[in-house]
Amino acid sequence: MALPEKILIVGTPNVGKSVIFNALTGRYATVSNYPGTTVDVFRGPCKICGNAYEIIDTPGMYSLVPVTEEERVSRTILLKEKARVVIHVIDGKNLERMLPFTLQLIDAGLPVVLVLNIMDEAERLDIKIDAAKLSKELGLPVILAAGALNRGIKELKDAIDSYEPSKASTFPLDSRIEKFVSDNTGLLKKNYGVAERLMLLWLLQEDPEVTALVKAKEPAVFKKLAAARKTLSGKYKDHMSYALALLRQKRATIISGKCELSPEKPRLLAEEALSRLTMHPFFGLVILVLVLLVVYLVVGVFGSKICVDYIENNIFGVYIIPPITRFVEAVFPWVAVQDLLVHDYGIFSLGIRYSFAIILPIVSLFFFMFAIIEDSGYLPRLAMLIDKIFKMMGLSGRAVIPMVLGLGCDTMATIVTRTLPSLRERVIATFLLALAIPCSAQLGLIMGLLSANIMMFLVWFGAIFLIFMVVGWLSAKILPGEAPVFFIEVPPLRFPKVKNLVIKTYTRLEWYLKEVIPMFILVSLLIWAGRLTGLFQLAMKALNYPVKWIGLPEKTSEAFLYGFFRRDYGAAGLRDMAGSLTHNQLVVALVTITLFLPCVAQFIVMVKERGIKTGLYISALVLVIAFASGYALNELLNILRITL
Amino acid sequence: MISEKAEEILEALWIQTVENKEKTADLSSLCASDSDEALKELLDKKLIKQGKNGFRLAGDGEAAARDVVRRHRLAERMLTDVLNIQDASVHESACKFEHVLHKGVDEAICTMLGHPKTCPHGTPIPPGKCCLKKAKVGDVRVVGALAELRAGEKGKIAYIQASSRENLNKMMAMGVLPGNTIQLLQNFPSYLFKVGNSQFAVDALIAREIFVRIEQ
């Protein structure tokens, strides 16, 4: 059986590529309103007019000359996969700015179908586009669409089905460059997956990857081309990639001028006023505090206090755990087996109770709140507000996105650090995520535990914030490298679609539970085996030292032991014994567990993204900083005679 | 005041010895016959010295020469950015202009052009005192770095002065290219601007590298 033909979706960040992917495949790739939501390649099957295809969604890229890691991934896919059709998705209201990328795809000789997406917004701005004319100008099919409203999807499917591979004619750049191309056409003998024209243009721009590839494959030809390139680029005062960008932009302006009609005076939309308010130096902060307050009320008070207390005490404590315990005790006479399933550390009484009664309600609410923030377009605005502060930590405002996502799930956020432009930023961000960003489950529990006493909450928050800043500042001092440069696209504020919120929350919960439940069962199993062999007691003894050192009673060692598997289990463990701790002890314990080692899953991702060495260094540092901070806080509270 | 010819000699000497770090200066490009008088003038004023291998700048000569170079390159910038002259005549016209931009005129022009750092050919413009001062209300500005614009001001992008390839790539990604219309919306805590129908937030590093011909 022949493999299904491939269809690639490419385009600039935040133009709705994943929306188109979802509409074609019926699957779900995460959709949000900020650039860089998709950091991996997504594949899904699709049937169009009876023919099977494989649709491939790629991370956004600004041009065919990659700058960041995800852009490189996208280009590699574009070159490797022999696609039947390449769907280039662009934002309908930014035709002029995004057409140069289409011109590059034409230069590459790829079978392009152009989709002008988000046309609903373009229409609200009174922008009219003559698709037929544009199609004629470019020599390729053009579809007007609004993926989120399911507009244009049928037309796109028809265009894919009826696509006739023909060569769209390329647009001339300038006479000197065209001469370089025509003079050297036919020299490259190997197949590189794109038209020779684009290969020559890439060499002209000194694209490092392409240069190395040609140099390795055809050294003799390369030498000749390099000489020709040198002669030509000597005639331009700017770098060739800039010269090419200017020429393509000029062409794009001409084409869009013929096909687009936009009002002289751009219409001001009402949401623009709100958008500006979110970025205002003063009102922006007010809005930030309001957003945090709402999240706190929903997750910390409603979720962690009200919902969890009810589910744990009135449902699990009455209808679930006691009957299971009775059942297990009746069926299995052996204490060892009973301990595995129920009692203090059993799979049901510890694992299932923690996951479903405590963590699930908190995480669900958190993910839902997060989905609203992501889909509204608030994150890039926050990045704009906070860039100056993040610069102190060697990060740019862009790093706000993984940091805030870390408050949802640090593991996902560690993957998202890929969108940061330099390795230095990626390492600092990974480190801070592992240290000072509590994930939703943990944060929800902590907010619940501290909600009774505002002073406790402030001390906890102040300590974590201070450590975040100080450690970030120190890492920036210690790690070599250039200061980051900040730029981010600020998309329009959009009203989140309920359907997308629900699907996104559900998808993430599914992912989360798949990861959490086996881990809980594993923890219960390990503790059970540890207790049988005496290793558990030994580990507790070892942990007693640092725990006593930071002024906590011995039994809290147990919570820290859980913390080795997941920080939120540690927090859940503390929740179980909160009644017997003084307020000071509780705050010290919570600060330490917040800073504690990330969960096993995050460790694995950290190693995968940053390498085993960095992963181990970060973990060791985190452990030391966590206990040192606990110790310092405890001493400080004692010296100042503060009783919370 | 020194003669125009003398200024041209200073300019050539400065470019060759200070900027290109050559040991001696070759003045053959200047017409020898009528430069004798100017050379004598410079020697008399102790602005240059004659050594074994030729002439070199001396005493106040270096500062004076740097000043001529600065005026020449500012003049080139003005011709391209304000008067929109693009061809080879820019250099020749600038050769005339440089002699009239004395005593504060150069500072006014430098301010009007947004304190450019390079001439249109990419060679650096030696900074003047005005480049260090804060912008004043009432300054006449025709071209300015995005970072110096007031919120709400807009214009066409005149040129990009990227300090690195990475930054240039970022500008190209945003569609920040000469000729495109740009509007500064906000300048604190970050710079927020609009190009086409998109908005971008950037830091001062980037905002200082985009030069805009301000629409009044």
Side-chain angles (χ1 to χ4, degrees), chain A residues 12-13 61-63 65-67 71 91-98 100 121-122 125 127 206 237-239 241-242 244-246 248-250 252-253 262 266 272 275-276 279-281 284 380-381 383-389 391 396-397 421-422 482-492, chain B residues 76 80 86 88 90 118-123 146-147 151-152 154 156-157 159-210:
Chain A
T12 322
M61 52 179 161
Y62 281 107
S63 96
V65 179
V67 182
E71 285 185 310
D91 177 357
K93 62 183 175 299
N94 278 306
L95 181 64
E96 183 181 352
R97 183 162 75 79
M98 296 186 177
E121 283 185 6
L125 289 165
I127 294 169
E206 293 173 89
K237 68 178 162 77
D238 302 307
H239 192 272
S241 50
Y242 184 61
L244 282 175
L246 282 180
R248 287 202 178 106
Q249 184 62 60
K250 221 177 234 168
T253 305
S262 48
E272 179 63 16
S275 160
R276 294 296 302 285
M279 289 182 277
H280 189 276
R381 291 169 167 80
M384 182 273 184
L385 270 183
I386 226 156
D387 173 61
K388 274 206 161 72
I389 296 168
K391 284 278 169 61
S396 81
S422 76
E482 297 212 351
V485 175
F486 171 60
F487 89 102
I488 198 164
E489 180 160 0
V490 181
Chain B
E76 286 185 331
T80 26
Q86 296 289 347
V90 166
T118 65
C119 80
H121 311 95
T123 47
L146 187 68
K154 67 175 184 178
K156 284 216 156 46
I157 297 166
Y159 56 98
I160 309 288
Q161 200 148 66
S163 56
S164 67
R165 273 290 295 286
E166 288 77 37
N167 284 8
L168 190 61
N169 284 334
K170 284 172 191 139
M171 314 247 192
M172 290 192 283
M174 293 186 283
V176 169
L177 291 169
N180 289 357
T181 302
I182 192 168
Q183 182 179 22
L184 185 72
L185 300 173
Q186 198 175 322
N187 53 18
F188 186 83
S190 300
Y191 295 89
L192 179 73
F193 66 81
K194 191 174 163 186
V195 171
N197 282 310
S198 302
Q199 293 184 7
F200 294 91
V202 298
D203 58 14
L205 295 171
I206 299 240
R208 278 194 215 110
E209 297 181 350
I210 303 168

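Proteins come first, then strands; the chains are lettered A, B, ... in the order of their sequence lines, and each starts at number 1.
Of the two parts of A:Met279, the backbone and the side chain both hold a non-hydrogen atom closer than 4.5 Å to a non-hydrogen atom of chain B. For A:Ser63, no part lies near chain B; criterion is any non-hydrogen pair under 4.5 Å. Looking at A:Glu96, only its side chain comes within 4.5 Å of chain B, counting heavy atoms on both sides. Proximity to chain A (any heavy atom under 4.5 Å) is shown, for B:Pro178, by both the backbone and the side chain. If you measure heavy-atom distances from A:Pro484 to chain B, the contacts under 4.5 Å come from the backbone alone. Only the side chain of A:Ile127 has a heavy atom closer than 4.5 Å to any heavy atom of chain B. Heavy-atom distances place both the backbone and the side chain of A:Lys93 under 4.5 Å from chain B.
No more than 12 heavy atoms of other residues, nucleotides or ligands lie within 6.0 Å of CZ in B:Arg208, so this atom counts as exposed by the packing criterion.
Atom OH of A:Tyr62 and atom CE of B:Met174 lie 8.5 Å apart (nearest 0.5 Å). One distance of note links NZ of B:Lys170 with CD1 of A:Ile488; it measures 12.5 Å at 0.5 Å rounding. The CG atom of A:Leu385 sits 8.0 Å away from the CD atom of B:Gln186 when rounded to the nearest 0.5 Å. Distance check, rounded to the nearest 0.5 Å: CG of B:Asn180 to OG1 of A:Thr253 gives 6.0 Å. Interatomic distance, A:Glu71 CD to B:Asn169 CG, rounded to the nearest 0.5 Å: 9.0 Å. Remark: B:Asp203 CG to A:Lys391 NZ distance equals 3.5 Å, nearest 0.5 Å.
Contact detail for A:Tyr242 and B:Leu177: the closest heavy-atom pair is CE1-CD2, 3.8 Å. Smallest separation of non-hydrogen atoms from B:Phe188 and A:Met384: O-CE, 4.3 Å. When every heavy atom of A:Asp387 is checked against every heavy atom of B:Ser190, the shortest pair comes out as CB-OG, 3.7 Å. Nearest heavy atoms, B:Ile206 versus A:Phe486: CG1-O, 4.1 Å.
In this structure a side-chain-to-backbone donor-acceptor pair under 3.5 Å is present from A:Asn94 to B:Asn197.
Chain B forms more heavy-atom pairs under 4.5 Å with one residue of A:Arg276, A:Lys250, A:Arg381 than with any other, namely A:Arg276. In terms of heavy-atom pairs under 4.5 angstrom with chain A, the leader among B:Leu205, B:Val195, B:Leu192 is B:Leu192. The greatest number of non-hydrogen atom pairs below 4.5 Å with chain A, out of B:Glu166, B:Met172, B:His121, B:Arg165, is found for B:Arg165. Of the listed residues B:Gly175, B:Pro189, B:Ala162, the one with more heavy-atom pairs under 4.5 angstrom with chain A than any other is B:Pro189.
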